[in-house]
Every structure is written in C-alpha cells, then in structure tokens.
Amino acid sequence: MSQEKFDYVIVGGGSAGLTLASRLTEDASISVCLLEAGGPDKNLLIHIPFGLSLLSRLANLGWGYDTEPQAELDNRQLYIPRGKTLGGSSSINAMCYIRGVKQDYDSWAAGGAMGWDWDSVLPYFKKSEDQERGESELHGVGGPLSVNDLRYVNPMSRVFIKAREALGLAEVDDFNGKERRGLGVYQVTQRDGQRCSTAKGYLSLAKERSNLKVITSALVEKVILEDKKAVGVKFSVNGQSQEVHCQREVLVCGGAINSPQVLMLSGIGPKEHLKEKGIDVEVDLPGVGQNLQDHLDAIIQHRTNVAAGYGLAFRAIPGYIKAGFQYLFGRKGMLSSNIAEAGGFDKTKYANGTEDIQYHFLPAILHDHGRKTVAGFGYGLHICHLYPKSRGEIRLRSSNPADIAVIDPQFLTHEEDRKVMVEAVKLGRKILNSKEFDQYNSTEMLPGKDAESDDDILAFIRKRAETIYHPIGTCKMGAEDDPTAVVNPQLQVKGVEGLRVIDASVMPTLIGGNTNAPTIMIAERAADLIKESH
Ligand SMILES: Cc1cc2nc3c(=O)[nH]c(=O)nc-3n(C[C@H](O)[C@H](O)[C@H](O)COP(=O)(O)OP(=O)(O)OC[C@H]3O[C@@H](n4cnc5c(N)ncnc54)[C@H](O)[C@@H]3O)c2cc1C
C-alpha cells in the first residue's frame, strides 16, 4: 500500500465522503483512495427503512459515543449515535429530507463563508437530488440522492397533521418549498422503498471505477504532514499500521466528532491542548474542536390502550406479518416507513424571523433511542430547538487514535436555549392535547400531568432531553482572518497545504433542520472546488 499513490485520499465514507469520492472519480484522470473505519453496508436493516427501529442496537454499525456529563441536563451523559459503515450516518439516519432555509446559508456567507449563500448552494442541492415529484425551481431530478414520498403513512401520523388546527398551523406539502411553517409528511431519502444512503446513491455509481479504491475497516490515525503539507495518512486495519500517500490532497470527511479528532491527532489544533496530550504541534489552530452545536430534543410521550401506530404487543403481530409480505412482494407497506413520518416547523415567541423549532412525530413509544424495548401502544412528539446558542467542544482524551474523543456539547448552557425549549414543549403539548387525539384516550407519560409550571417543564427537559443527532461546527468554515475558523471558504485547513475538511463539521452554525442533505450539498460543491483546482 505504501508504494501506491493516489491523487486524493478521503478519510471517512459517510454522507460527505462517498459523495465526494463519487463526484471526483467521474473524471477518469483523478485517482482516489477512500478509507472507512466501518465495514460494508451489508446489514438488511440498513436498507429496509423500518429497520431503523433496531439500528441503534447494532454495536457494529456505530461508534457508540456518549457525551461528557452535561451540567444543565442533570449531569447525564447523552448517547450520540454516529454511523460506522459505508454511508456513515446516512446509513443509520431517519431519512427525513430537509435543507433548511435561505437565511441559514445567507448568514453563513455574511459570517465569512463567502460563496455559501443560498443562491450559490441551491444548484448543489438540486444537483444531488432525484426528486420523485419532478423538476421545479427548487428541486432537481437525475441526481444520485433519491427523494421520495413515503409509500406508507400510518393513520396516526395523519391524525397528528390534522391536529395542526389546535395551533392554527397550515398543512405543508413540501418542507423544502417556499413556506414551511406548519405540519405535514416528510419526504424521505429513499429509492424504490429502500433507504438511499450515500453508499446506495453515490458509491453505487462509482464502485466499479478503476480510479477509485475503497478500503473498509481502516481507522485513520493521523494525516502525514511534511513541511506543513499533507502527503498521506497513517491508518490501521486489524491493528496493523499502514500508510497511503497522495500527490494532491487529503480530504477529511470523518464527521463533526471525528474530523477534529483526526486533525488534533495530526498536530493541528489548539496548541496548549495538543501539548498537554503529548502531541507535537504542527499548526496552532485554536478553532479545531470548538463551536460544537447540536439540536437538543424533548419528547412528549403518550401511552394508549388503542391498538394504533407501531406498537409492541401480541395484537400487533398480524399487522407486522402482513407488512412483511407487503414489503417482500412490492417494497410497500409499514416496513417502507421511516417511522418519523410526519412533523413540521413552528415559531416560538423567541423566534427571530424564521421558524425556530421542528417537530418529528412518531406513532410509537421510543425509549433510549430505541435501545430499550417498551411494550404497548403510544405516540411521541419530538421537539427540537433549531438555533441553539450554547456552544460545546470536542477534545482529545489521549493521543491514542483508538480512544474516543471527549464530546462536550454543553447543552442548554445558554439561558435562551432553556426558554425556547420550555416554550417548544408547551406548543407540542397543545397539539397532542387537541381533540383529534381524543380517540386514543391516552395518558401523557412524559412530562406527565403534574408538570405544569415552566420550572416543572424545564426540570423534565433536564431529566429527559436527548440529541436529535445533528452535531456540526467543530471545523468551522470562515474568512481567512477569522481566528475561530478552521477552514476557509474553499474548505482548506488554514496553515496546511493539501488538506481540506469536507463534512458537517465545517458548518459555521446549525441550519434549521436535519443535516444530511446540507452535508451532501457541501460535498457536492467541494467536489467542484477541487476539480477546478485540479
Ligand atoms: C440516528 C440518526 C438519525 C438522523 N436522522 C436524520 C434525518 O432524518 N435526516 C437528516 O437529514 N439527517 C439525519 N441525521 C444526521 C445526518 O445523517 C448527518 O448529519 C450526516 O450523515 C453527517 O454526515 P458526515 O459526512 O458529516 O458524517 P458521517 O455520515 O457520520 O460520516 C463520517 C464517516 O467517517 C468515518 N470515519 C470517522 N472517523 C474515521 C477515521 N478516523 N478513519 C476512517 N473513517 C472514519 C465514519 O465511520 C463515517 O462513515 C441523523 C443522524 C443520526 C445518527
């Protein structure tokens, strides 16, 4: 391996990494080696959308991260799932297709990420997309990422949408359209009733190309630097250390937790922290690992005796057997559902112009991210604050690449975040307490009827809130003279030649929604930037 040289080495085969690998190797003169720490995406549960309900139990598909104790969340350590397989987190995510809004990207550009304003990024969203409803001003067709309408929507999700009337909200047909305030059914990244991860959408187009080499079960330990120039990476397979070299660039696509870890292990990061961990400092970049942002999520959970939704009970078994046949013979029915079928966007009284909260409705009882089994029937409304002001960080635990990084999102440390979450729970409760849900004669398990005052609701949030899986920001993109920026608007790491970071970690601030499509957009645009300079 050490003899072989590629133009580009990509670290990580997730949402961004596989998009990039596929686009770069469209040019037969460009050679790429991609290293992925996880294995191939062979598990059927990845591909059958309903399999999502069991993915968090499969240790071999994820990194198994937990945060540090969170002071504002009763010192709890929160589980942070991240995909560790081809497709990365796009192989384990909930498939909701959301881009965010114009203001999200315009504010990136205003903050120094020149060229990433809405008008500049929209063509890349469209380029990636294969929209089942056809082409339009805002949507593209023919791209590798299939965006489909759900083939099955549980009647309980329809009830949720109907309950919008309790808040005077509209029904929204396209959350990536012009107006998104309201409730509706999400479009999903699926093709033919199966998950469309980036392994399915992008890698499948490229994997037979002779100019692409993909190595799985390869943990990248560090970027090899010579005179502040990236010349390759050191990685291990089954504990055996190896190297691969590049003539052009190393492209780090490890995601918001691992990319800053790889940079710091390579001697790129906050000087004092690297020294403390016994790592030789190559480039003092204080922003590496800082600026961690994530969407915190509160779940209002109801239980019912009515056999409805996706329950776990003897009564539900015939329905699941029928669903098995429907899926087997037509990729239709319940098993094609992503479970988080419906949701929407709304404004609390703290909203600054655009919607500041997002709903995901699950016609099921979810406990501990699906890692624990709960018998019976029920439903839950997940509500997250889209624009938190709390900022956390990723640090090294040690200089050992096999050690998990220190993940400290510092959730709710900003007072305003606490206020928005309390308001969000109040709004969500109005929906679930509306007359539409009377038919289920349900009991509110969480927060529970005794939680009435704002203080009670905040106490519930502290006790129960979890991440809804959108960490970003730890290799922030910004202007050359921004001391907190890690990469410039070309995504090049400051102070190093031939090294870029391309994934969710470069987002300067959270977008108002789920982060898979925006990450793919980033990689689409990065592929063009790289090809231009090639
Ligand atoms: C459970 C869950 C549900 C979600 N639901 C949605 C949703 O419904 N809609 C949505 O839009 N978004 C959703 N997201 C978020 C979205 O999937 C992520 O934001 C997106 O996938 C991030 O892409 P990425 O390329 O930055 O990282 P990833 O896709 O995580 O890719 C990083 C890759 O790098 C590999 N890697 C890391 N370190 C190394 C190393 N040292 N050596 C080699 N390889 C390495 C990893 O194994 C992984 O494959 C969800 C995420 C999760 C976890």
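Every number for a ligand or one of its atoms is a count from 1 in the order of the listing.
At a heavy-atom cutoff of 4.0 Å, ligand 1 is contacted by no atom of Ser56, backbone or side chain. With a 4.0 Å cut-off on non-hydrogen atoms, Ala94 touches ligand 1 through its backbone as well as its side chain. Only the backbone of Ala218 comes within contact range of ligand 1, with a heavy atom under 4.0 Å; no side-chain atom does. Under 4.0 Å from ligand 1, heavy atoms of Val220 appear from its side chain as well as its backbone. Only the side chain of His470 comes within 4.0 Å of ligand 1, judged by heavy-atom distances. The proximity of Ile98 to ligand 1, defined as any non-hydrogen pair under 4.0 Å, does not occur for either the backbone or the side chain.
For the pair Val11 and ligand 1, the shortest N or O to N or O distance does not fall below 3.5 Å. Checked by distance only, ligand 1 and Ala256 stay at 3.5 Å or farther apart across all their nitrogen or oxygen atoms.
Nearest non-hydrogen protein atom to atom 9 (N) of ligand 1 is Cys96 O, 2.9 Å. At the top of the distance list for atom 4 (C) of ligand 1, counting protein heavy atoms only, stands Asn93 CB, 3.1 Å. Here the protein heavy atom with the shortest distance to atom 24 (P) of ligand 1 is Thr519 CG2, 3.8 Å. The protein atom (non-hydrogen) at minimum distance from atom 47 (O) of ligand 1 is Glu36 OE2, 2.7 Å. Protein heavy atom at the shortest distance from atom 53 (C) of ligand 1 is Pro81 O, 3.2 Å.
Applying the side-chain hydrogen bond (donor to acceptor under 3.5 Å, both in side chains) criterion to Ser197, with sequence neighbours excluded, gives no partner residue. Under the rule for a side chain to side chain contact (heavy atoms under 4.5 Å, CB included), the partners of Arg181 that lie at least two apart in sequence or sit in another chain are Leu169, Glu179, Asp346, Lys347, Glu355.
Of all atoms in ligand 1, numbered sequentially from 1 with element shown, those under 4.0 Å from a heavy atom of Ser89 are 17 (O), 21 (O), 28 (P), 29 (O), 30 (O). Close approach of ligand 1 to Cys253 (heavy-atom distance below 4.0 Å) involves ligand atoms 32 (C), 33 (C), 34 (O). Shown in contact with Thr515 at under 4.0 Å from a heavy atom are these atoms of ligand 1, numbered in order with element: 10 (C), 11 (O), 12 (N), 15 (C), 16 (C), 18 (C), 19 (O).
At a threshold of 4.5 Å between non-hydrogen side-chain atoms, the residues Tyr8 and Thr25 do not count as touching.
Aromatic ring centroids of Phe50 and Tyr327 lie 6.0 Å or more apart. Taking the ring centroids of Phe125 and Tyr105, they lie under the 6.0 Å cut-off.
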Kindly indicate, with the supporting measurements, whether the criterion side chain to side chain contact (heavy atoms under 4.5 Å, CB included) is fulfilled by Ile472 and Thr515. CA-CA 9 Å; Ile472 61 111; Thr515 43; 4.1 Å; yes

**Study point:** Audit row: Gln358, Ile383, side chain to side chain contact (heavy atoms under 4.5 Å, CB included) steps and yes/no
**Key:** CA-CA 6 Å; Gln358 183 178 3; Ile383 316 166; over 6 Å; no

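Here Arg209 does not pair with Glu26 in a salt bridge; the nearest charged N to carboxylate O distance is not below 4.0 Å.
Taking 4.0 Å as the cut-off, Val262 counts as a neighbour of ligand 1 on heavy-atom distance. Between Trp63 and ligand 1 there is a heavy-atom distance shorter than 4.0 Å.
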